[in-house]
2 protein chains.
Amino acid sequence: MTRLQKEIQQKKPFESLEAEVFLSLERTADQLLRRAEAELKTHGLSPTQYNVLRILRGAGPAGLACSQIAERMVTRDPDITRLLDRLEHRGLVRRARELKDRRVIMVRISPHGLQLLKRLDGPIRRMHCRSLGRLQKSRLRLLVQLLDQIREEPGNATVP
Amino acid sequence: MTRLQKEIQQKKPFESLEAEVFLSLERTADQLLRRAEAELKTHGLSPTQYNVLRILRGAGPAGLACSQIAERMVTRDPDITRLLDRLEHRGLVRRARELKDRRVIMVRISPHGLQLLKRLDGPIRRMHCRSLGRLQKSRLRLLVQLLDQIREEPGNATVP
DNA sequence: GCATAATAGTTGTTATAACGACTATTGTCA
DNA sequence: TGACAATAGTCGTTATAACAACTATTATGC
C-alpha cells in the first residue's frame with residue numbers, strides 16, 4: 001500500500017502508475033499552496049495576487065502590459081482586469097494607458113507594493129525551506145528535471 | 001537558464017532551489033489539472049465533483065459520511081454540503097440521514113452517477129497517459145517517491 | 001440527570017474564478 | 001481609404017470557494 005493510498009484512505013490499488021502520479025502531484029501541490037496561502041493571508045494577499053506582484057517587481061520600473069502579466073503567471077487566470085483592479089484599489093500597483101498603442105495598459109508595482117513584497121520575502125523563503133528543505137539538493141534538482149519533462153510538449157506521448 | 005524560467009519569462013535566477021521546485025510543482029499541477037478539467041467539462045463535472053464521485057464509487061453501497069468524504073479528498077474543500085447539493089440535484093448521489101447517529105448524513109453514489117463515471121474512465125486514463133506516458137515507469141516511480149517525501153510530516157525540516 | 005462541550009452538517013455572506021459578450025484601437029489589404 | 005479582421009482590455013453574469021455564524025444531535029463530567 002502506497003503512502004498516498006493511506007492519505008486518501010483508498011482501499012483499491014491505483015488503476016495505473018500514471019493515475020497515482022497525477023493524484024500525488026495534485027495533492028502535493030495543493031498542500032504546499034495551502035501553506036503559502038496561510039503565510040500570505042496574514043498580509044491580505046492571495047497566491048495569485050502575490051504572483052502578480054512578484055512578476056511586476058521582476059519587470060522593474062518599465063512595467064508590463066496586462067497580457068504580458070497573464071503570460072508569465074504560474075497558474076493561468078482568465079480575468080487579469082479585476083485581479084489588477086483589486087491590487088490598484090489597495091495601492092499596490094498603478095495602471096497607465098500606453099500612448100503609442102492606446103489599446104495597451106501598462107501596469108507597474110508601486111512603492112507600497114514593493115514594501116509589502118519585501119516584508120514577505122523572508123517568511124516565504126522560510127516556508128519554502130520548511131516544505132522542501134527535508135530533501136537533499138540533488139533530489140530537488142532531480143524533481144525539477146522530472147517536472148520539466150512532464151510540462152514539455154503536451155500530447156505527444158503514445159497511448160496504449 | 002532553466003526551462004521554467006523560460007516558461008514564465010523570468011530574467012533573474014531563482015532565489016533558491018526550493019523556490020524553483022515550489023513554482024515548478026504548482027505550474028505542473030496546474031497544467032495537468034487544466035487538461036483534466038477540459039476532459040471533465042464535456043460531461044459537466046469539475047475536478048472536485050469528479051473526485052467526490054470517485055471516492056463514493058470506491059466506498060461502495062455502504063456510502064460515506066460527509067466528513068469522511070472531506071478527509072479523502074485530494075484537494076481540501078471547506079464546503080462539502082453545497083458540493084453535494086449540486087451532485088444530488090443532478091441525481092448523481094443520494095443522501096440519507098443515519099438512524100443510529102442522527103447527526104450524520106450518509107452519501108451514496110447513484111446508478112446514474114456510476115454510469116457517468118464509467119463513461120469517463122477511458123478518457124481520463126488516456127489523459128493520464130498523454131500527460132505522463134512520456135516518462136519511463138522507473139522515473140514515474142521515482143517521482144511518486146519524491147512527492148511522498150515532500151508531503152511527509154510538515155514543518156520538521158531545518159531552516160537555515 | 002442536567003449543564004456543557006464536542007461533533008456533524010447547514011446556511012448566510014463575501015470574494016474570487018470562469019465564461020462569454022462587448023468596446024476601443026490598430027493592422028491589413030483589396 | 002475604407003471595410004474587415006485582429007488585438008487589448010473591460011464588463012455582466014453565473015458558479016464556486018472561503019469564512020464564519022448557526023442548528024441539531026450526541027457525548028461527558030459533576
Side-chain angles (χ1 to χ4, degrees), chain A residues 26 29-30 33-53 56 63-90 92-108, chain B residues 26 29-30 33-53 56 63-90 92-108:
Chain A
E26 296 301 332
D30 184 67
L33 191 64
R34 301 281 171 193
R35 295 188 209 167
E37 231 171 345
E39 197 67 57
L40 294 173
K41 202 168 55 182
T42 65
H43 294 256
L45 282 182
S46 70
T48 320
Q49 293 174 328
Y50 178 66
N51 189 207
V52 169
L53 290 181
L56 290 174
L64 284 175
C66 295
S67 54
Q68 293 177 304
I69 297 173
E71 281 171 15
R72 284 157 211 234
M73 290 184 63
V74 176
T75 61
R76 204 205 55 193
D77 189 317
D79 197 355
I80 302 289
T81 302
R82 271 172 283 211
L83 184 56
L84 291 173
D85 281 351
R86 287 166 221 139
L87 292 175
E88 188 178 29
H89 191 253
R90 287 175 54 190
L92 300 171
V93 306
R94 293 195 184 131
R95 286 196 268 202
R97 192 166 287 277
E98 189 69 357
L99 297 176
K100 298 165 199 171
D101 185 341
R102 291 182 41 72
R103 290 171 300 185
V104 175
I105 293 207
M106 294 304 274
V107 189
R108 292 173 188 80
Chain B
E26 295 301 331
D30 184 68
L33 191 65
R34 300 282 170 193
R35 295 187 209 167
E37 231 171 346
E39 197 68 55
L40 294 172
K41 202 168 55 181
T42 66
H43 295 256
L45 283 181
S46 71
T48 319
Q49 293 175 328
Y50 178 67
N51 189 208
V52 169
L53 290 181
L56 290 174
L64 284 175
C66 294
S67 53
Q68 293 178 305
I69 297 175
E71 281 171 15
R72 285 156 210 234
M73 289 185 62
V74 174
T75 61
R76 205 205 56 192
D77 188 316
D79 195 356
I80 302 288
T81 303
R82 271 172 282 210
L83 185 55
L84 291 173
D85 281 351
R86 288 166 219 137
L87 292 175
E88 188 178 29
H89 191 253
R90 286 174 54 188
L92 299 172
V93 306
R94 292 194 185 131
R95 285 197 268 202
R97 192 167 285 276
E98 190 69 357
L99 296 176
K100 299 166 200 171
D101 186 342
R102 290 181 43 70
R103 289 171 301 185
V104 176
I105 292 207
M106 294 302 275
V107 189
R108 292 172 187 81

**Message:** Walk me through whether A:Met73 and A:Ile80 qualify under side-chain contact (heavy atoms from CB on, under 4.5 Å).
**Reply:** CA-CA 10 Å; A:Met73 290 184 63; A:Ile80 302 289; 3.7 Å; yes

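Residues forming a side-chain hydrogen bond (donor to acceptor under 3.5 Å, both in side chains) with B:Arg76 (at least two apart in sequence, or on another chain): none. By the side chain to side chain contact (heavy atoms under 4.5 Å, CB included) test, B:Arg95 is found to be paired with B:Thr81, B:Leu84, B:Asp85, B:Glu88, B:Ile105, B:Val107, residues two or more places apart in sequence or in another chain being considered. Here B:Glu71 pairs with nothing under the salt bridge (Lys or Arg N to Asp or Glu O under 4.0 Å) rule; sequence neighbours left out. In this structure B:Arg82 satisfies the salt bridge (Lys or Arg N to Asp or Glu O under 4.0 Å) test together with B:Asp79, sequence neighbours excluded. Remark: B:Arg102 pairs with no residue by the side-chain hydrogen bond (donor to acceptor under 3.5 Å, both in side chains) rule, at least two apart or across chains. In this structure, B:Asn51 has no side-chain hydrogen bond (donor to acceptor under 3.5 Å, both in side chains) partners at least two apart in sequence or on a different chain. Judged as a side chain to side chain contact (heavy atoms under 4.5 Å, CB included), and not counting sequence neighbours, the contacts of B:Ala36 are A:Phe22, B:Met127. Remark: A:Arg108 engages A:Ala96, A:Met106 in a side chain to side chain contact (heavy atoms under 4.5 Å, CB included) (not counting sequence neighbours).
Within the 4.0 angstrom heavy-atom criterion, only backbone atoms of the sugar-phosphate kind lie near A:Ser67; the bases stay farther away.
Within the 3.5 Å criterion, the main-chain N or O of A:Ala29 finds no donor-acceptor partner in the side chain of A:Arg34.
Comparing A:Asp101 and A:Asp85 against DNA chain D, the residue whose closest nucleotide sits nearer the 5' end is A:Asp101. The 5' end of DNA chain C is approached more closely, in terms of each residue's nearest nucleotide, by A:Gln49 than by the other of A:Gln49 and A:Lys100.
Rounded to a whole Å, the CZ atom of A:Arg97 is 7 Å from the P atom of D:dT10. If you measure from atom CZ of A:Arg95 to atom P of D:dG9, you get 10 Å, rounded to the nearest angstrom.
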Please tabulate, one pair per line, each protein N/O and nucleotide N/O from nucleotides 4-7 of chain D that are separated by under 3.5 Å, including the distance.
from: D:dT7; atom 1: O2; to: A:Arg103; atom 2: NH1; distance (Å): 3.4

Polar atom pairs (N or O), protein with nucleotides 17-19 of chain D, under 3.5 Å:
from: D:dC19; atom 1: OP1; to: A:Lys41; atom 2: NZ; distance (Å): 2.9

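Pairs passing the salt bridge (charged side-chain N to carboxylate O under 4.0 Å, His left out) check and including a residue from residues 39-48 of chain B, sequence neighbours excluded, read B:Glu39-B:Arg130.
Scanning DNA chain C 5' to 3' for nucleotides with an atom closer than 4.0 angstrom to a non-hydrogen atom of chain A gives a first and last hit of C:dT16 to C:dT26.
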